[in-house]
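For reference, the structure discussed in these notes is given below.
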Amino acid sequence: MSEPLDPAGQLGPHPDSPGTGRPPGTHDAGDAGASATGAAAAASTTSGAATAPATEDQDSTGAGDQPSSLGSGGHAESDPDVTGRPRAARRRWSRTTLIFAGALTGLVVLALISAAIGQVPTSPAEVAGAFLHRFGLDWGPMPAHPAGYVTLWEVRFPRVVLGMLVGAALATAGALLQGVFANPLAEPGVIGVSAGAAVGAGAVIVAGGAFAAAWSVAAGAFVAGLGTTLLVYLLARSNGRTEVVTLVLTGVAINAFAGGLISFLLFSASPAARDQIVFWQMGSLNGATWQSVNVVWPLTLIGLAAAIWMAPRLDLLALGESAARHLGVDVERLRRNVIVVVAVLATAGVAFTGIILFVGLIVPHLVRMLVGPGHRVLIPLSAIVGAVVLVAADIGARALVHNADLPLGMITSLVGGPFFFWLLRRTRSRSGGWA
């Protein structure tokens with residue numbers, strides 16, 4: 001690299017070297033112009049990436065961060081620290097960390113409150129004490145009621161844990177479907193999971209009578225939900241490809257057909273079995289046991305891990321199918337994997353609880369409002385917020401009416417419907433809608 005010329009055309013020392021009369025680190029107008037030219041040239045090499053919508057993934061790596069203003073020394077306020085991470089990216093990550101911490105704290109608080117509600121009087125402090133004493137930690141008071149400890153561990157704790165798992169599964173499934181379909185209205189019911197599970201559960205109830213075993217009903221719902229999802233995918237697939245519009249419309253048709261089957265089952269069932277089918281479709285955590293938790297938690301954790309693993313490719317798919325293919329994403333394979341993961345998550349969730357609406361639709365939108373559309377953050381935070389929402393809904397289902405357990409799906413629908421309408425109005429007023 002040659003040394004700069006002085007005004008007389010002679011070789012001279014570097015402007016920042018000692019003896020030039022200027023302190024190191026300062027630049028004149030020519031230096032600034034050269035820096036701007038170099039920055040423009042560097043920016044032109046990444047013009048393709050710059051056209052993509054900003055995501056949380058870009059924030060997490062600091063990509064796309066530009067200096068917002070210059071100080072008196074000519075340095076941007078987003079100069080990197082010793083770790084090389086710009087200040088703007090650090091601020092965003094600190095905000096994301098606070099949101100994660102707040103969501104986890106809220107989940108713990110709601111879990112203590114939920115476990116304290118019931119006919120056996122128990123305080124949140126006694127709930128925490130009973131939990132810690134189980135693991136050998138002599139902290140906190142034990143339940144004063146003679147049946148308090150047994151009630152917590154045999155009835156209430158399974159209910160709270162199952163609510164967390166189901167909420168996390170449904171919210172994660174909704175985030176995956178909205179990402180792969182690029183459709184803000186996508187949720188597990190779009191691909192027939194809920195309707196298929198209802199048909200399976202209704203068929204088992206009608207065949208076994210009103211006293212059909214809970215495990216057989218859950219198994220029927222699980223198998224029918226998976227089978228319906230597979231049927232929707234096969235019917236929508238043509239010439240080795242699956243178009244999003246075709247998949248959604250096929251799901252609508254299958255859901256309509258499943259609704260007809262459910263109506264037939266209700267018509268042909270006995271009065272007791274009919275009531276059981278209706279209440280199963282409303283959703284409830286009333287029948288939660290540790291056995292059902294042991295079935296749901298492995299499926300939920302596997303599905304959540306698979307969703308996080310697919311998150312980078314979902315961010316690339318947000319650029320468009322053509323751009324994603326050019327970047328090495330097998331779009332068809334990704335879409336197929338997402339549908340399989342969603343089917344496992346959703347069927348595991350509804351098999352033991354019945355149909356719970358709006359969690360998979362509302363929670364991903366709420367999380368995007370907080371942290372943006374990047375799926376590496378969106379998916380795990382959606383799982384946590386989904387657990388928070390469902391535990392809170394279960395608290396409302398048991399506390400709104402004294403000594404009554406309201407259907408959980410009714411609570412989520414009553415709250416989720418108006419919230420989604422508010423979200424629609426908000427999005428329309430800010431950006432003209434989702435279109």
Side-chain angles (χ1 to χ4, degrees), residues 56 59-60 89-118 122-143 152-153 156-172 174-175 285 288 293 296-297 300-301 303-305 307-308 311 349 356 358-360 362-400 408 411-412 415-416 419 423:
E56 186 68 24
D59 296 340
S60 65
R90 295 201 309 273
R91 285 195 298 269
R92 279 187 286 269
W93 270 107
S94 62
R95 180 176 181 271
T96 301
T97 303
L98 289 176
I99 293 173
F100 267 99
L104 289 173
T105 303
L107 181 60
V108 172
V109 172
L110 289 174
L112 293 176
I113 296 174
S114 178
I117 296 176
T122 313
S123 68
E126 291 174 342
V127 172
F131 180 82
L132 295 174
H133 278 74
R134 185 66 173 250
F135 298 97
L137 300 176
D138 193 13
W139 298 344
M142 290 289 289
L152 286 174
W153 278 101
R156 297 183 188 173
F157 283 162
R159 181 177 188 134
V160 173
V161 175
L162 185 62
M164 292 180 181
L165 293 172
V166 173
L170 293 177
T172 303
L285 294 172
V293 169
V296 175
W297 77 258
T300 301
L301 291 185
L304 181 58
I308 295 175
I356 299 176
F358 278 100
V359 175
I362 297 298
V363 171
H365 288 299
L366 178 62
V367 174
R368 285 190 191 92
M369 292 168 55
L370 297 175
V371 297
H375 287 83
R376 293 182 183 180
V377 177
L378 174 67
I379 288 176
L381 187 56
S382 293
I384 298 173
V385 176
V388 169
V389 168
L390 204 59
V391 172
D394 187 50
I395 292 174
R398 288 182 290 160
L400 290 177
L408 194 57
I411 300 296
T412 57
V415 176
F419 179 83
L423 183 64

### Query
At what distance, to the nearest 0.5 angstrom, does CG of Leu112 lie from CD1 of Ile117?
11.5 Å

### Message
If you compare all heavy atoms of Pro158 against all heavy atoms of Val293, which two are closest, and at what distance to 0.1 Å?
### Response
O-CG2, 3.7 Å

### Summary
Nearest heavy-atom approach of Ala171 to Ser382 is CB-O, 3.2 Å

### Message
Under a 3.5 Å distance rule, please check whether Arg95 uses its side chain to pair with a backbone N or O of Leu370 as donor and acceptor.
### Response
yes

### Message
Taking side-chain hydrogen bond (donor to acceptor under 3.5 Å, both in side chains) as the definition, give me every residue that meets it alongside Thr300, ordered by chain and number, with sequence neighbours left out.
### Response
none

### Query
What residues, two or more places apart in sequence or in another chain, satisfy side-chain contact (heavy atoms from CB on, under 4.5 Å) together with Leu110?
Val388, Val391, Ala392, Ile395

### Message
Within the 4.5 Å heavy-atom criterion, are Leu170 and Val363 side-chain neighbours or not?
### Response
no

### Query
Do you know which two heavy atoms are closest between Val359 and Gly167, and how far apart they sit?
CG1-O, 4.0 Å

### Message
How close do Arg376 and Ala311 get, counting heavy atoms only, and between which atoms?
### Response
N-CB, 3.8 Å

### Query
Which pairs, with at least one residue in residues 381-399 and sequence neighbours excluded, count as a salt bridge (charged side-chain N to carboxylate O under 4.0 Å, His left out)?
Arg159-Asp394, Asp394-Arg398

### Task
Quick one: closest heavy-atom pair of Leu390 and Gly163, and the distance?
CD2-O, 3.2 Å

### Task
Just say parallel, tilted or perpendicular for the rings of Trp153 and Phe131, cut-offs at 30° and 60°.
parallel

## Note on the structure
Those residues at least two apart in sequence (or on a different chain) that pass side-chain contact (heavy atoms from CB on, under 4.5 Å) with Leu366 are Val385, Phe419

### side-chain hydrogen bond (donor to acceptor under 3.5 Å, both in side chains): pairs with one or both residues in residues 128-137, sequence neighbours excluded
His133-Asp138

### Qualifying residues under side-chain contact (heavy atoms from CB on, under 4.5 Å), relative to Ile411, sequence neighbours excluded
Ala393, Ala397, Leu400, Leu406

### Task
For Phe100, check ring-ring contact (aromatic ring centres under 6.0 Å, His included) against everything at least two apart and list the hits.
none

### Message
Testing Thr122, Val161, Val127 one by one against Arg156 for a side chain to side chain contact (heavy atoms under 4.5 Å, CB included), which residue passes?
### Response
Thr122

### Task
Supply the atom-to-atom distance Ile379 CD1 to Leu381 CG, rounded to the nearest 0.5 angstrom.
11.0 Å

#### Entry: Residues which pass side-chain contact (heavy atoms from CB on, under 4.5 Å) with Ala305, listed by chain and number, not counting sequence neighbours
none

## Note on the structure
Here the gap from Leu408 atom CG to Ile356 atom CD1, rounded to the nearest 0.5 Å, amounts to 4.5 Å

#### Entry: Nearest heavy atoms of Leu152 and Ala115, plus distance in Å
CD2-O, 3.3 Å

